[in-house]
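Let me begin by presenting the structure, written as structure tokens, before commenting on it.
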Amino acid sequence: MSNRTLAILKPDCVRKNFQGKVLSKIQEAGFKVLAMKQIRLTKSQAEGFYAVHKGRPFFAELTAFMSSGPCVPIALERNDAVATFRKTIGATDPAEAEPGTVRREFADSKGENIVHGSDSDENAKIEIGFFFSDSELLG
Ligand code: CMP
């Protein structure tokens with residue numbers, strides 16, 4: 001069990017100007033920010049980040065959306081980070097997310113669901129490394 005995970009405030013979150021509201025909920029859940037930046041992914045960077053989903057029917061839609069505007073990757077620290085963060089944001093589909101979760105409160109759809117969270121310790125390490133160098137992670 002690792003203590004780090006990667007969040008991305010997705011382009012819908014930035015467009016709605018909900019970055020502060022979502023970050024508050026993340027901090028209230030006990031996460032510490034190790035690194036954070038705003039970046040606009042190119043289509044090919046989005047395809048690289050989501051390479052595990054290549055071949056899925058929603059891959060084109062997902063990568064077009066993720067490169068449609070700026071997003072905010074955030075490296076986070078907490079004990080049991082991956083599982084706790086996924087609980088904080090709720091199910092992929094906001095209609096299925098528990099009341100009080102980030103996606104239930106702020107997301108519109110399964111595709112435009114406000115926030116990404118790593119799904120395993122192994123992927124958290126890869127995903128944090130996609131956006132940040134070790135020297136940028138300040139604990
Ligand atoms: P995320 O946690 O960023 O990881 C993969 C993403 O694929 C997921 O959130 C959703 O936004 C997206 N996704 C999953 N299923 C679908 C779907 N059926 N249609 C569109 N996007 C989807």
Side-chain angles (χ1 to χ4, degrees):
M1 185 166 79
S2 158
N3 59 354
R4 290 182 176 181
T5 192
L6 182 85
I8 305 176
L9 309 186
K10 295 186 178 185
D12 56 334
C13 182
V14 175
R15 270 196 283 276
K16 289 170 158 175
N17 227 13
F18 282 176
Q19 303 97 313
K21 290 175 198 241
V22 174
L23 186 57
S24 282
K25 283 190 82 79
I26 293 170
Q27 291 175 306
E28 280 161 17
F31 288 91
K32 180 176 178 183
V33 173
L34 298 180
M36 174 164 67
K37 65 180 154 195
Q38 182 162 249
I39 181 175
R40 181 168 181 169
L41 296 173
T42 64
K43 184 85 175 359
S44 79
Q45 285 172 324
E47 287 166 358
F49 181 80
Y50 281 113
V52 289
H53 294 303
K54 204 171 174 178
R56 304 279 282 276
F58 55 83
F59 185 70
E61 183 191 324
L62 171 64
T63 53
F65 167 59
M66 288 302 292
S67 57
S68 68
C71 66
V72 180
I74 311 172
L76 294 168
E77 187 170 77
R78 211 207 98 123
N79 65 305
D80 199 10
V82 167
T84 307
F85 191 70
R86 289 173 76 76
K87 209 168 168 193
T88 302
I89 64 178
T92 304
D93 185 344
E96 291 167 12
E98 294 288 326
T101 59
V102 172
R103 284 169 169 160
R104 178 66 172 263
E105 287 203 15
F106 300 117
D108 290 332
S109 67
K110 210 173 185 176
E112 304 209 358
N113 63 357
I114 291 284
V115 65
H116 167 82
S118 306
D119 65 2
S120 66
D121 289 344
E122 188 190 0
N123 283 337
K125 195 170 188 321
I126 294 167
E127 291 178 0
I128 289 171
F130 185 92
F131 289 106
F132 302 107
S133 63
D134 283 348
S135 64
E136 290 176 307
L137 301 168
L138 305 176

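Remember, it's 1-based here, ligands and their atoms both numbered in the order they're listed. These numbers come from the heavy atoms of this one structure, side chains and all, not from hydrogens, waters or symmetry mates.
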task: Please identify which atoms of ligand 1 are closer than 4.0 Å to at least one heavy atom of N113.
output: 9 (O), 10 (C), 11 (O)

Close-contact set for ligand 1 against E61 heavy atoms, below 4.0 Å: 20 (C)

statement: Short version for D119: what comes under 4.0 Å of ligand 1, heavy atoms counted, is neither

message: Just to be sure I read this right, does ligand 1 sit under 4.0 Å from the backbone of R103, its side chain, both, or neither, counting only heavy atoms?
response: side chain

Protein residue, atom and distance nearest to [atom], heavy-atom basis:
atom	answer
atom 18 (N) of ligand 1	K110 CD, 3.7 Å
atom 7 (O) of ligand 1	F58 CE1, 3.3 Å
atom 5 (C) of ligand 1	H53 NE2, 3.4 Å
atom 9 (O) of ligand 1	K10 NZ, 3.2 Å
atom 1 (P) of ligand 1	H116 ND1, 3.4 Å

- prompt: Where do R15 and S68 land on the side chain to side chain donor-acceptor pair (under 3.5 Å) test, with the steps shown first?
  reply: CA-CA 10 Å; R15 270 196 283 276; S68 68; 3.2 Å; yes

- request: Could you check V22, N113, L23 and say which one makes a side-chain contact (heavy atoms from CB on, under 4.5 Å) with V102?
  value: V22

query: By the rule that ILVMFWY residues connect when side-chain heavy atoms come within less than 4.5 angstrom, directly or transitively, which residues belong alongside F132?
result: L6, I8, L34, I39, L41, F49, Y50, F58, F59, L62, F65, M66, I128, F130, F131, L137

- request: State yes or no: do L76 and V82 share one hydrophobic cluster built from I, L, V, M, F, W and Y residues joined by side-chain heavy-atom distances below 4.5 Å, directly or via other members?
  value: no

- request: Just jot down the side-chain contact (heavy atoms from CB on, under 4.5 Å) partners of K110, sequence neighbours excluded, or say none.
  value: T92, D93

Ligand 1 contacted by Y50 (non-hydrogen, < 4.0 Å): yes

Sub-4.0 Å heavy-atom approach of R86 to ligand 1: no

message: Just verifying a value: how many Å separate K25 NZ and T101 OG1, rounded to the nearest 0.5 Å?
response: 7.5 Å

